[in-house]
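A short write-up of the structure that comes next.
On a predicted model such as this, the values are computed, not experimentally measured, just so you know. Numbering of ligands and ligand atoms starts at 1, following listing order.
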Amino acid sequence: MAEEQQLNEDSKRNAGQMGAKVVPRGSKEISNILGDRRSSYNIDGVDRVVVDEITDQKLVGIPLIDKVVIILVVLFTLLVFINFSFTSNDAKEDPDIEKTLFITKIIELVILILFVLEISIRCIDVGPITYFSDLWSVFDALIIIASIVLIILDLNLEGDAFTTISKVLRGIFRFLRLFLVFRKVNFFNIIFEQYNQVKKINNAGTRYVVRSPVEKVIEIMRDLADQFEDPDIIKQLNWGITHISNNTVYEPIIEGKKSEALGWLYQQQQQQHISQDLKRSMSSDTQFPDESHLPEQLKLDFDQNILNLDYDYFSLFQKYDSSILTHLMCYYFQQESLFSNLRISPESFKKCVDKIALSYHKDNLYHNVIHAFDVTHTVYFFIQKCNFKEIGKLTKIDYSILLMSAAAHDADHPGLNNIFLSNTRHDLAMTYNDKSPLEQHHAATLFRYIRETDLLVHFTLQDFKYFREKSINMILSTDNAMHGKDYNKLKARLASNDFDPGSKDKGICFDTLLHAADISNPFKPMKNYEQWTFRVLGEFWHQGDREKELGLPVTMLCDRRTTNVAKSQIGFIDFMVLPYYNTLSQILPQLSEFIEQITENKKAWAEKIEHYQTLLNTQ
Ligand code: CMP
Ligand code: MG
Ligand code: ZN
């Protein structure tokens with residue numbers, strides 16, 4: 001709060017120095033983009049991703065101290081009413097009433113002392129300066145102290161000597177006590193409101209809010225731009241925002257004349273723009289028909305089920321083995337007329353996809369050809385059912401990139417993760433210097449097969465480069481270690497004024513779609529999701545067993561003796577999948593109608609936590 005004020009003051013001071021006029025807030029542009037969040041920067045001065053975990057304690061219930069205070073407030077109100085209903089004359093006439101009033105006063109005194117204790121705890125918690133910065137808190141404390149003094153006086157000055165003083169004081173005393181009660185009740189209304197809001201969020205399924213410094217920087221700059229009228233300053237701030245949200249802050253700005261001295265720089269740039277001549281020289285007149293030669297039965301099955309998320313492809317695998325991936329890819333390529341449009345030979349294509357399919361290890365419980373099928377199927381679902389084909393203005397090459405990258409994204413996966421490969425100095429970790437060795441290998445494997453089967457020989461150099469760049473980026477972005485950074489980059493792009501999934505942001509959308517499909521288990525109906533969960537955890541546990549044998553630290557979720565299956569999935573949904581899918585639905589609005597499945601699945605897992613805990617305890 002103090003930092004926010006400081007920031008506002010700093011920006012006002014800067015505005016003054018620059019001679020610009022400070023104008024009231026409220027530009028349409030800013031409120032559209034920042035929505036409700038703009039009033040809360042929540043600047044914590046820490047340069048890291050902020051994960052605001054709404055803890056179970058805060059979510060599931062009000063903290064203990066607040067519960068106690070609520071009970072005390074209720075009790076206190078009752079006592080005030082008991083006191084109100086009797087006069088001192090009643091007490092004089094009836095010894096029982098006198099006794100009752102005496103006891104209520106003692107209880108009141110105890111409660112008031114407990115209120116003092118409560119204030120002390122809150123002071124220790126937030127610091128006395130912060131606590132008493134609210135004048136109501138000061139008043140509250142004064143009332144309590146005054147009430148204690150008055151009760152002590154009341155107990156001690158029962159004699160006739162102080163009757164008048166006592167009467168006046170009692171009037172004030174009762175008024176103050178009631179005021180105190182109303183203050184407390186009001187305070188708890190606020191707490192309940194907050195509690196209900198948090199509960200609402202929890203019911204919606206999002207328990208973690210992940211924010212990054214880049215989002216805050218953009219927010220701050222937008223708010224700052226809103227404070228000026230001078231077009232030059234606004235232009236400069238917008239220039240800054242554009243570069244931050246485009247992730248181009250480290251790109252060189254070339255000033256001065258184009259000369260040999262800068263040749264090394266231009267050489268790089270030139271690579272990006274291959275001349276039209278070369279483009280033409282690479283093209284040929286070869287044509288290929290759009291045929292897939294799929295088994296008739298399978299084609300019918302695909303026609304009926306290809307856009308269903310509950311498609312039972314596990315049974316297909318039993319019948320067709322790894323060739324099911326080739327069949328699926330041929331089906332898509334034929335549907336989208338990619339053979340003819342991209343001049344891809346169906347023969348080469350089959351050979352290439354067969355190689356990819358066979359590279360998947362049959363003995364991997366999770367990273368096998370069915371996973372490749374599942375991910376490709378999900379990417380196609382995003383393209384067709386969520387309309388990415390229109391949103392991303394997909395060309396034929398784009399289709400081929402998305403589908404081929406999905407099919408090959410885990411090619412030749414050894415069933416062990418990057419951490420294990422690095423810890424055991426595996427060949428892949430050595431080759432790729434511990435930098436996403438698996439994903440580098442999947443991408444390299446794809447391009448090895450493409451070359452070996454002459455798959456893209458009829459592509460122009462420009463098209464091939466486009467295919468290669470996009471596909472490599474997509475596969476590398478499936479490394480979960482990249483999730484946090486990539487997710488923040490995506491949100492920064494979405495927060496910009498010029499997010500365009502059909503051109504400049506196509507690449508980031510491709511990466512997002514593949515990564516989303518790769519973590520899509522919780523997005524599927526429970527029957528499929530449960531299968532995948534046992535498979536993925538089974539593979540993790542197999543790795544954990546090997547880690548134990550080798551005396552290596554056991555990776556998270558890889559210990560079969562401690563991993564609660566249900567909890568692992570709730571964490572996966574809360575931390576990764578749900579926030580990511582919510583963000584993705586900003587790009588693909590039609591996705592929203594399917595996201596409910598994730599929350600439903602989460603609830604189903606929540607009901608099974610105890611069951612899995614019992615299983616662990618009885619091991
Ligand atoms: P991979 O398919 O290589 O990339 C995405 C990763 O997310 C996947 O490997 C697993 O490591 C992880 N993952 C996918 N689904 C689940 C799940 N249901 N539970 C836990 N981890 C998962
Ligand atoms: Mg992978
Ligand atoms: Zn995968």
Quiz item: Donor-acceptor pair, Asn564 side chain versus Ala566 backbone, under 3.5 Å?
Solution: yes
Self-check item: Worked verdict on Asp321 versus Lys362 for salt bridge (charged side-chain N to carboxylate O under 4.0 Å, His left out)
Solution: CA-CA 10 Å; Asp321 204 347; Lys362 285 207 167 102; 3.6 Å; yes
Practice problem: For ligand 1, would you mind listing the residues that have at least one heavy atom less than 4.0 Å away, ordered by chain and number? | Solution: Tyr366, His367, His371, Asp410, Thr478, Asn480, Asp518, Ile519, Asn521, Val536, Phe540, Gln569, Phe572
Self-check item: Sequence-distant partners of Tyr313, ring pair (Phe, Tyr, Trp, His ring centres under 6.0 Å), two or more places apart
Solution: Phe373, His377
Quiz item: Between Glu336 and Tyr380, is a side chain to side chain donor-acceptor pair (under 3.5 Å) present by the stated rule, with each step listed?
Solution: CA-CA 11 Å; Glu336 305 300 338; Tyr380 193 70; 2.6 Å; yes
Quiz item: Relative to the Zn ion (ligand 3), which of the N, O or S atoms in Asp410 is the closest?
Solution: OD2
Quiz item: What is the OD1(Asp518)-the Zn ion (ligand 3)-NE2(His371) angle, to the nearest 10 degrees?
Solution: 90°
Quiz item: How is the N/O/S atom of His409 that comes nearest to the Zn ion (ligand 3) named?
Solution: NE2
Exercise. Look at the side chain of Ser323 and the backbone N and O of Thr326, then say whether any donor-acceptor pair between them is shorter than 3.5 Å.
Key: no
Exercise. Please examine the side chains of Leu438 and Leu421, heavy atoms only from C-beta on, and report whether any two atoms are closer than 4.5 Å.
Key: yes
Exercise. Look at Asp410 and state whether any of its N, O or S atoms is less than 2.8 Å from the Mg ion (ligand 2).
Key: yes
Quiz item: Side chains of Thr583 and Tyr487: do they bring a donor and an acceptor to under 3.5 Å?
Solution: yes
Quiz item: Will you find, in the side chains of His515 and His483, an N or O donor that is under 3.5 Å from an N or O acceptor?
Solution: yes
